[in-house]
Asker: 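This structure is in structure tokens; I'll ask about it shortly.
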Number of protein chains: 2
Amino acid sequence: MLFSKTCEYAIRACIYIAQQSGEDKKVAIKEIAKGIDSPEHFIAKILQNLSKKGFINSVKGPNGGFYMDKKNMKTTISDIVLLIDGDSLFTKCVLGLKQCSENKPCPLHNQYKHTRKEIIELFRNSKIGQISEQVDLNETFLKLK
Amino acid sequence: MLFSKTCEYAIRACIYIAQQSGEDKKVAIKEIAKGIDSPEHFIAKILQNLSKKGFINSVKGPNGGFYMDKKNMKTTISDIVLLIDGDSLFTKCVLGLKQCSENKPCPLHNQYKHTRKEIIELFRNSKIGQISEQVDLNETFLKLK
DNA sequence: AAAATAAAGGATAAAAAACTCTTTTATTAA
DNA sequence: TTAATAAAAGAGTTTTTTATCCTTTATTTT
């Protein structure tokens with residue numbers, strides 16, 4: 001697994017919010033939880049964190065909820081992963097060796113480094129805004145049944 | 001993280017055993033644990049499992065220990081990962097969606113599938129025997145300090 | 001101002017993963 | 001044939017991750 005469950009939910013939630021909301025239209029936790037098929041209370045915690053870090057916007061009270069402003073549409077998958085899971089996927093030795101490096105490579109280092117580069121590029125180039133457009137066009141899907 | 005801790009240890013142990021042992025020379029748990037910098041009792045459990053599944057060979061009693069026969073030298077990283085972590089890294093949706101598929105792709109499916117293919121190829125082509133040779137030649141390193 | 005709504009926050013619980021300890025079994029060598 | 005050795009097996013414990021519940025705070029509508 002590339003991501004923790006928390007991170008999977010976070011990414012899905014961000015895409016959902018980007019796709020469903022605007023300055024005018026907010027979405028509530030309950031709707032998000034249903035929309036991305038995640039435990040309501042769990043995603044609430046995650047949204048709290050994303051909001052605190054400014055990845056999503058939130059408004060309390062009636063007609064409140066979460067939305068994403070233009071700036072946040074530029075958030076990348078990489079940004080979310082770094083926030084939730086940290087940089088280990090992008091930097092840690094694939095075999096878990098503390099001192100693995102270009103100079104002292106672990107037995108998988110040299111083969112894996114190219115793949116890792118691709119993973120990094122891929123997630124760095126994936127912007128929430130652009131991804132949510134594909135969902136809008138029914139090219140890709142967030143919830144499947 | 002691509003692998004579980006258990007899986008990391010398993011791979012490192014297999015490489016160590018491949019590199020250190022032969023039909024004649026066996027290595028004991030203690031030596032393996034030191035050699036790959038892993039908790040002794042934990043790696044013992046893992047070795048038990050690898051041995052039961054025939055990935056490594058073992059002999060009890062004095063002068064006993066673990067070794068790897070010629071056949072087992074052909075084991076791939078992929079084989080070990082499949083045994084320990086299952087096939088989720090190779091098949092499960094990167095966003096954790098149950099029904100994600102070519103027909104109904106999740107928002108990351110199409111970009112990620114190429115990277116995934118590379119990961120699969122990489123580990124399928126990495127044989128323990130060949131990897132341990134590189135360690136032998138001091139081209140790569142299992143323990144670093 | 002009061003009632004209702006919705007997120008924020010804090011505390012707890014359950015499940016899984018990582019790790020440890022002790023006893024048993026097989027094998028070998030004295 | 002007994003003692004020593006080393007893995008196998010089983011039974012914990014600890015830590016981390018995942019998930020839930022309850023109270024508080026902010027905001028809005030009536």
Side-chain angles (χ1 to χ4, degrees), chain A residues 1-13 17 20-21 23-68 81 83-86 88-89 96, chain B residues 1-13 17 20-21 23-68 81 83-86 88-89 96:
Chain A
M1 226 58 28
L2 252 50
F3 307 139
S4 69
K5 215 103 234 314
T6 304
C7 192
E8 283 178 11
Y9 290 145
I11 296 171
R12 279 150 66 183
I17 294 169
Q20 295 286 328
S21 78
E23 297 277 354
D24 44 331
K25 201 207 164 205
K26 278 117 196 154
V27 280
I29 290 177
K30 251 195 184 121
E31 195 196 322
I32 297 169
K34 275 183 196 158
I36 68 168
D37 221 342
S38 75
E40 186 185 322
H41 294 282
F42 193 35
I43 195 67
K45 283 278 139 200
I46 297 168
L47 293 174
Q48 213 180 99
N49 187 19
L50 287 170
S51 163
K52 201 164 57 184
K53 300 286 166 50
F55 282 52
I56 56 178
N57 310 88
S58 80
V59 176
K60 281 185 182 179
N63 297 319
F66 297 89
Y67 68 99
M68 209 172 266
V81 173
L83 175 73
I84 310 280
D85 285 345
S88 39
L89 176 66
Chain B
M1 227 62 25
L2 254 48
F3 308 139
S4 68
K5 217 102 234 315
T6 304
C7 192
E8 284 178 10
Y9 291 143
I11 296 170
R12 279 151 64 182
I17 294 169
Q20 294 287 327
S21 78
E23 296 278 352
D24 43 334
K25 201 209 166 205
K26 280 117 196 155
V27 279
I29 290 177
K30 250 193 185 126
E31 194 196 323
I32 296 170
K34 275 182 197 160
I36 67 168
D37 221 341
S38 74
E40 186 185 325
H41 294 282
F42 193 34
I43 195 68
K45 282 279 138 196
I46 297 168
L47 292 173
Q48 213 179 97
N49 187 19
L50 288 170
S51 163
K52 201 164 59 184
K53 300 287 166 49
F55 281 52
I56 56 179
N57 311 87
S58 79
V59 176
K60 281 186 182 178
N63 298 318
F66 297 89
Y67 68 99
M68 210 172 266
V81 174
L83 175 73
I84 309 279
D85 285 345
S88 39
L89 177 66

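Throughout, protein chains are lettered first and strands after them, A, B, ... in sequence-line order, and every chain is numbered starting at 1. Quantities reported herein were computed from a predicted structural model and do not represent experimental measurements.
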Asker: If we only count heavy atoms from C-beta on, is the B/I11 to B/V81 side-chain gap below 4.5 Å?
Answerer: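 Side-chain contact under 4.5 Å: yes.
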
Asker: Just so I know, are the side chains of B/F66 and B/I29 near enough to count as touching, which here means a heavy-atom distance under 4.5 Å?
Answerer: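 Yes, side chains in contact.
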
Asker: Please set out all donor-acceptor pairs under 3.5 angstrom arising from side-chain atoms of residues 41-49 of chain A, sequence neighbours excluded.
Answerer:
from, atom 1, to, atom 2, distance (Å)
A/N49, OD1, A/K53, NZ, 3.1

Asker: Distance check needed: C/dA17 C1' versus B/E8 CD, whole Å only.
Answerer: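 To the nearest whole Å, that distance equals 13 Å.
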
Asker: Which residues pass the ring pair (Phe, Tyr, Trp, His ring centres under 6.0 Å) test with A/Y67, sequence neighbours left out?
Answerer: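 For A/Y67, no residue satisfies ring pair (Phe, Tyr, Trp, His ring centres under 6.0 Å) once neighbours in sequence are set aside.
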
Asker: From C-beta outward on B/N63, which listed nucleotide comes closest to its side chain: C/dT25, C/dT28, D/dT27?
Answerer: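 My answer, after comparing the listed nucleotides, is C/dT28.
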
Asker: Give me the atom names and distance for the closest heavy-atom approach of B/V59 to B/K26.
Answerer: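 Smallest heavy-atom distance, with atoms named: CG2-CE, 3.9 Å.
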
Asker: Separation of A/K30 atom NZ from C/dA8 atom P, in whole Å?
Answerer: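 From A/K30 NZ to C/dA8 P: 16 Å.
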
Asker: Kindly give the atom pairs (protein nitrogen or oxygen, nucleotide nitrogen or oxygen) under 3.5 Å for nucleotides 19-23 of chain D.
Answerer:
from, atom 1, to, atom 2, distance (Å)
D/dA19, OP2, A/Y9, OH, 3.4

Asker: How close or far is atom P of C/dA16 from atom CE of A/M1, stated in whole angstroms?
Answerer: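 Between P of C/dA16 and CE of A/M1: 14 Å.
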
Asker: Mind calculating the distance between CD1 (B/I84) and P (C/dA17) to the nearest angstrom?
Answerer: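 For the pair B/I84 CD1 and C/dA17 P, the rounded distance is 13 Å.
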
Asker: Using a strict heavy-atom distance below 4.0 Å, which residues from residues 47-59 of chain A are in contact with DNA chain C?
Answerer: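 Heavy-atom cutoff 4.0 Å gives A/Q48, A/S51, A/S58, A/V59.
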
Asker: Measure the distance from CG on A/D24 to P on D/dT28 and round it to the nearest whole Å.
Answerer: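 Nearest whole value for this atom pair: 15 Å.
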
Asker: Run the side chain to side chain contact (heavy atoms under 4.5 Å, CB included) test against A/K5 and tell me which residues pass, sequence neighbours left out.
Answerer: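 In terms of side chain to side chain contact (heavy atoms under 4.5 Å, CB included), with neighbours along the sequence ignored, A/K5 is linked to A/E8, A/Y9.
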
Asker: Taking the side chain of A/F66 as heavy atoms from C-beta outward, which of D/dA4, C/dA8, C/dT25 is closest to it?
Answerer: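 Of the options given, the side chain of A/F66 lies nearest C/dA8.
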
Asker: Start at the 5' end of DNA chain C and walk down; is the nucleotide closest to B/S4 or to B/G61 reached first?
Answerer: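 Nearer the 5' end of the strand: B/S4.
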
Asker: Please identify each residue that fulfils ring pair (Phe, Tyr, Trp, His ring centres under 6.0 Å) with A/F3, with sequence neighbours left out.
Answerer: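 Here the qualifying residues are A/F123.
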
Asker: Rounded to whole angstroms, how far apart are CD1 on B/I46 and C1' on D/dA9?
Answerer: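 My rounded result for the distance is 16 Å.
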
Asker: Expressed as a whole number of angstroms, how long is the span from B/K60:NZ to C/dT25:P?
Answerer: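 Going from B/K60 (NZ) to C/dT25 (P), I get 9 Å.
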
Asker: Can you sort out the partners of A/D85 under side-chain hydrogen bond (donor to acceptor under 3.5 Å, both in side chains), two or more places apart, ordered by chain and number?
Answerer: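 Here the qualifying residues are A/S4.
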
Asker: Listed by chain and number, what are the side-chain hydrogen bond (donor to acceptor under 3.5 Å, both in side chains) partners of A/Q20, not counting sequence neighbours?
Answerer: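 Here no residue qualifies.
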
